[in-house]
Amino acid sequence: MTPSRPYLVRALHEWILDNQCTPYLLVDAGLQGVQVPQEFVNDGQIVLNISPAAVQNLLIDNDGLSFNARFGGVPMAVFVPVVAILAIYARENGQGMVFGTEAGAPDPDDLPTPSTPEPSGNKPALKVVK
């Protein structure tokens with residue numbers, strides 16, 4: 001069977017947007033094929049805002065996720081292979097999913113909490129769904 005991760009990422013992305021929240025993606029920036037702005041990588045990971053207001057030409061297919069965006073005013077084409085997607089969650093309430101049960105994926109128990117600024121001062125609460 002094909003990996004379920006790209007299907008789940010697409011569904012959760014749509015669900016987060018339908019609930020008027022901002023979809024954030026936690027990415028393992030150290031894996032081969034990841035193309036993200038390295039100056040924003042922290043502890044080998046990066047958190048990406050993938051809302052329609054933040055990105056252009058978002059494509060989530062079975063190979064990975066790609067889009068165009070500006071980072072510090074500099075345009076960049078971003079590509080994240082599916083296996084490098086560690087989590088997708090809503091910035092406002094932390095609802096989403098942490099990945100790690102498919103072959104080749106990191107163990108979710110080894111994932112550090114992303115350090116992204118929260119307007120309310122609350123950190124997102126991610127849950128492992130098996």
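Nothing here was measured: the structure is a model prediction, and the numbers come from that model.
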Any side-chain heavy-atom pair of [X] and [Y] under 4.5 Å:
X: Pro37; Y: Ile46; answer: yes
X: Val80; Y: Leu48; answer: yes
X: Pro52; Y: Leu17; answer: yes
X: Val74; Y: Phe71; answer: no

Mind checking the [atom1]-[atom2] spacing from [X] to [Y]? Nearest 0.5 Å is all I need.
X: Ile16; Y: Cys21; atom1: CD1; atom2: SG; value: 7.5 Å
X: Leu26; Y: Tyr89; atom1: CG; atom2: OH; value: 6.5 Å
X: Leu25; Y: Ile50; atom1: CG; atom2: CD1; value: 5.0 Å
X: Ile60; Y: Leu12; atom1: CD1; atom2: CG; value: 9.5 Å
X: Leu58; Y: Ser66; atom1: CG; atom2: OG; value: 7.0 Å
X: Leu86; Y: Phe99; atom1: CG; atom2: CZ; value: 9.5 Å

Keeping [X] on the side-chain end and [Y] on the backbone end, is there a donor-acceptor pair under 3.5 Å?
X: Gln20; Y: Asp18; result: yes
X: Asp43; Y: Gln45; result: no
X: Asp61; Y: Asp63; result: yes
X: Arg5; Y: Ile85; result: yes

State, to 0.1 Å, how close [X] and [Y] come at their nearest heavy-atom pair, and which atoms those are.
X: Gln38; Y: Ala29; answer: NE2-O, 4.4 Å
X: Ala54; Y: Ala69; answer: O-CB, 3.7 Å
X: Asn93; Y: Ala90; answer: OD1-CB, 3.3 Å
X: Pro6; Y: Val82; answer: CD-CG1, 3.7 Å
X: Trp15; Y: Asn19; answer: O-ND2, 2.8 Å

Exercise. Are more than 12 heavy atoms from other residues, nucleotides or ligands located less than 6.0 Å from atom CD of Glu39?
Worked result: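 Count over threshold, so yes.
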
Exercise. Got more than 12 heavy atoms from elsewhere within 6.0 Å of CD, Gln56?
Worked result: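 No - once you tally the heavy atoms of other residues, nucleotides and ligands closer than 6.0 Å, there are 12 at most.
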
For this session: Establish whether Tyr7 and Met97 are linked, either directly or via other cluster members, by ILVMFWY side-chain heavy-atom contacts under 4.5 Å.
Result: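 No, because Tyr7 and Met97 fall into different hydrophobic clusters, even though each may have its own neighbours under 4.5 Å.
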
Problem set entry | In one Ile/Leu/Val/Met/Phe/Trp/Tyr side-chain cluster, 4.5 Å: Phe79, Val34 |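 Different clusters.
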
Exercise. Going through the checks in order, is the side-chain contact (heavy atoms from CB on, under 4.5 Å) test met by Tyr24 and Asn49?
Worked result: CA-CA 5 Å; Tyr24 273 16; Asn49 175 348; 3.7 Å; yes

